[in-house]
Amino acid sequence: MSNAPAFRLTDSTLRDGSHAIAHRFTVEQVTAIVSRLDAAGVPVIEVAHGDGLGGSSFNYGFSGTDEMDLVRAAVDARTEARIAILMLPGIGTREDLRRAADLGIDIARIATHCTEADIAEQHVGLAKELGLEAVGFLMLSHMISPEALLEQARKMASYGADCVYVVDSAGAMTIDDARRRVSLLADELDVDVGIHAHNNLSLAVANSMAALEVGAAQIDGCTTGLGAGAGNCPTEILVAAMQRSGIPTGVDPLAIMDAAEEVVRPVRPDQGIIDRDGLLLGYAGVYGSFLLHARRAAERYGVDVKDILLELGERRVVGGQEDMIIDVAVQLERRAADARAGQDLGASA
Amino acid sequence: MTTPCAIVGSGNIGTDLLEKLRRSELLTPVAMVGIDPDSEGLARARAYGVEATHDGIDWLLERAADVELVFEATSARVHRANAPRYEAAGLTAIDLTPARLGPSVVPSVNLRDHLDAPNVNLITCGGQATVPIVHAVARVCEVPYAEIVSTVASLSAGPGTRQNIDEFTQTTSSALVDVGGATHGKAIIVLNPADPPILMRNTVFCALPDGYDEAAVGQSILDVVTEVSRHVPGYRLVSDPTFETDVYGTPGGVVPARVVTLLEVEGAGDYLPTYAGNLDIMTASAVGVGEELVRARQEVPA
């Protein structure tokens with residue numbers, strides 16, 4: 001039996017994990033994490049603001065360190081691994097992509113909401129022009145049917161994407177949801193299909209393994225699961241589970257466990273707990289990176305974070321609409337004040 | 001006597017403009033130019049007794065003496081080709097495309113500075129919606145950094161917008177600084193496919209320096225919203241401006257506070273559906289620009 005990896009692993013700790021620490025990664029952390037992941041055999045490492053290049057903002061949180069400095073540190077620290085960035089058209093621009101390319105990245109992952117692939121045409125095109133590998137990243141893929149997702153994936157492929165990802169940004173997919181989407185795309189597309197799973201329903205590893213069975217060629221993880229919302233598919237657990245299933249990953253299970261424990265766990269020791277809010281995101285199908293913003297707004301306006309998340313789910317907001325968290329919190333606060341005023345009137349009548 | 005205007009471009013935007021110009025007390029649509037003989041816009045123009053052609057702008061330039069203002073609702077590429085010819089013919093161009101040849105204008109903010117320009121451009125829908133708010137804050141205190149998020153219904157974003165989305169973010173960011181008066185600017189656009197379609201939403205964040213006057217900033221924003229809504233009746237605040245304090249490390253330096261203005265724009269439903277506030281604010285602002293130009297010309301007889 002061949003020992004060639006059965007899929008290509010991309011570790012997104014330094015991009016999706018950025019959400020979990022309000023975009024405060026330092027050059028030292030990036031250097032340490034890239035070195036250890038690279039030494040453990042992780043083939044692709046993604047680095048950027050959580051919302052991609054250009055994400056540093058009021059709306060998504062300002063970066064503690066300029067992301068280009070982090071990208072440069074990652075490129076410098078790797079020996080074997082390929083370095084990827086993420087960008088969302090509408091937030092970042094081709095100019096950001098050019099700057100990252102100049103720093104020596106290998107892969108550009110271009111993300112859109114799952115129904116809006118056609119805003120990525122310029123950016124996927126530029127990535128290819130710059131000699132980069134291009135990935136089309138269809139966020140919140142649970143929101144549309146496998147057939148509708150295929151139509152969007154075909155667009156990404158037609159722009160030149162070398163791989164199209166099924167992205168479960170809310171961690172809302174059941175095993176069947178993941179399997180049906182990946183299976184259809186893998187059957188119909190000539191390019192690779194990937195899966196990016198979140199762990200809100202505690203299914204990230206299971207969904208990734210199911211995706212592999214039906215044709216996924218690329219799988220994302222984050223070490224310790226460090227990522228938006230309830231966190232991502234934990235890289236070290238995925239590797240261990242694959243190994244126990246006799247599936248070669250190309251990654252040393254013990255080395256990645258050590259890396260997780262020694263360099264990533266200290267970044268956020270409580271990572272991996274799926275609390276009520278994390279679970280609610282998956283249950284209500286809400287974009288995972290809203291979590292910390294919603295907690296802050298809940299505190300500021302004295303409203304319940306649960307009510308904010310449920311209302312966001314109700315409104316079917318998409319990734320990027322973090323401003324709606326303030327909108328919802330302000331309205332909930334006003335509603336509560338009106339209700340109190342009503343009670344006071346009732347009491348005095 | 002009202003001012004004769006031509007519309008170049010007979011698609012959704014041009015047709016919506018036609019409806020709005022027909023209502024204007026100062027402007028009269030007299031000609032519409034398209035390229036598709038079967039276009040609904042041209043048919044509608046003819047039904048209203050407006051001369052219409054699918055033969056391009058040569059036809060219009062032959063009649064240049066009968067027209068004063070041209071509204072360009074084609075594409076950046078077409079406008080770049082047409083603009084010098086309008087100018088040579090003595091026609092003032094109001095450009096709704098992203099060509100950005102003339103100065104960027106927002107009727108309530110800086111049009112008075114560009115009354116003599118042969119060509120003015122309307123930035124972007126997000127720019128028309130958000131630059132006035134940045135200006136409102138910048139006229140009462142320094143704005144080291146302004147950021148806007150425009151969210152539009154997927155159905156209202158055509159192929160031109162989708163294939164050139166960087167143009168939206170870059171053009172709008174520049175206008176937050178050049179027209180709005182912020183020191184640094186950033187613009188974000190999000191498309192939302194919800195069904196039924198959402199109204200256009202805009203959120204404006206302005207960084208506030210130490211010692212800002214909350215009452216003055218809040219009042220200035222309320223005044224500007226009233227002003228914009230004269231041209232764009234569906235333009236409104238979702239809630240009062242919200243002041244948040246924290247330590248914000250913006251590109252314009254660390255600030256202690258920000259004011260968040262949550263806006264929505266409902267279209268008038270002239271030709272375009274009401275959810276497409278992003279398109280309505282462009283056509284309504286274009287008519288506003290045309291009316292202001294005409295008023296200014298009438299005030300100062302040549």
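Quick note on labels: first sequence line is chain A, next is B, and so on, each numbered from 1. Atoms considered below: every heavy atom in the structure, side chains included; atoms not considered: hydrogens, waters and symmetry mates.
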Under a 3.5 Å distance rule, please check whether B:D166 uses its side chain to pair with a backbone N or O of A:T93 as donor and acceptor.
no

Check: A:N59/B:E147 side-chain N/O donor and acceptor closer than 3.5 Å:
no

Need one label for B:L262: side chain, backbone, both or neither, based on atoms under 4.5 Å from any heavy atom in chain A.
side chain

Give a yes or no answer on whether the side chain of A:E121 reaches the backbone of B:Q163 with a donor-acceptor pair at less than 3.5 Å.
no

Region of B:F168 in contact with chain A, defined by heavy-atom distances below 4.5 Å:
neither

Could you look at B:T250 and say if it's the side chain, the backbone, both or neither that has a heavy atom under 4.5 Å from chain A?
both

Does a salt bridge link B:D246 with A:R300, judged by any charged N lying under 4.0 Å from a carboxylate O?
yes

Is it the side chain or the backbone of A:S56 that comes within 4.5 Å of chain B heavy atoms, both, or neither?
backbone

With a 3.5 Å cut-off and no angle check, do the side chains of A:E116 and B:S154 form a donor-acceptor pair?
yes

Take the angle between the ring planes of B:Y248 and A:F58 and call it parallel below 30°, perpendicular above 60°, tilted in between.
perpendicular

Determine whether a donor-acceptor pair (N or O, by modelled atom type, separation under 3.5 Å) exists between the side chain of B:K186 and the backbone of A:G54.
yes

Part of B:E244 within contact of chain A (heavy atom distance under 4.5 Å):
both

Student check: side-chain heavy atoms of A:R334 and B:S239 closer than 4.5 Å:
yes

CG of A:L88 to CD1 of B:I165, rounded to nearest 0.5 Å, is 10.0 Å

Most chain B-contacting option - heavy-atom pairs closer than 4.5 Å, from A:V317, A:V318, A:D118, A:T115
A:D118

